[in-house]
Amino acid sequence: MQDAMAIETTNYASADSAVRMQQMPLSFLKSGERARVARVRGKGDVHHHLENLGFVEGADVRVVSEQSGNLIVEIKGAQVALDRSVASKIITC
């Protein structure tokens with residue numbers, strides 16, 4: 001399953017140089033870590049629901065608690081509980 005969630009990298013150009021950012025699913029983050037939403041994978045109702053909760057490109061997210069891959073995260077001032085399969089659809093950098 002980890003092969004399906006291979007870690008990706010993205011280049012972001014700045015005024016001085018290119019900065020290399022590592023992308024990974026939200027489910028890989030541990031308690032207390034912060035990241036930024038790069039994109040949400042998938043389509044349909046789950047994708048739409050995540051966008052309505054605030055999981056949109058550029059949104060800051062912080063892991064409040066992590067247990068067995070299930071997360072409680074803070075996004076846009078609200079705390080949201082996500083199971084491992086849903087958290088793996090949210091790609092962060």
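Nearest heavy-atom pair across Q23 and A38 is NE2-CB, 3.6 Å. Summarising the geometry of A59 relative to K76, their closest heavy-atom pair is CB-CE, 4.1 Å, with the distance given to 0.1 Å. Closest non-hydrogen pair, S31 versus S65, comes out as OG-CA, 4.0 Å.
Listed by chain and residue number, V40, E51 satisfy the side-chain contact (heavy atoms from CB on, under 4.5 Å) test with H47 (two or more places apart in sequence, or in another chain). With sequence neighbours left out, D60 forms a salt bridge (charged side-chain N to carboxylate O under 4.0 Å, His left out) with R36. Under the side-chain contact (heavy atoms from CB on, under 4.5 Å) criterion, V80 pairs with L53, F55, V73, I75, L82, sequence neighbours left out. Every salt bridge (charged side-chain N to carboxylate O under 4.0 Å, His left out) that E74 has, sequence neighbours left out, goes to R62. Considering only residues two or more places apart in sequence or on other chains, K30 meets the side-chain contact (heavy atoms from CB on, under 4.5 Å) condition with E33, E66.
Two different hydrophobic clusters hold L71 and V56 under the rule that ILVMFWY side chains link at heavy-atom gaps under 4.5 Å.
Contact annotation: the side chain of V37 approaches that of I90 to within less than 4.5 Å [non-hydrogen atoms, C-beta and beyond].
Taking a 6.0 Å sphere around CG of N52, one finds it holds more than 12 heavy atoms contributed by other residues, nucleotides or ligands.
In the hydrophobic clustering, where aliphatic and aromatic side chains (Ile, Leu, Val, Met, Phe, Trp, Tyr) are joined below 4.5 Å either directly or transitively, I72 groups with V64.
The structure places CG of L29 at 4.5 Å from OG1 of T92, a figure rounded to the nearest 0.5 Å.
In this structure, the side chain of R84 engages the main chain of S68 through a donor-acceptor pair within 3.5 Å.
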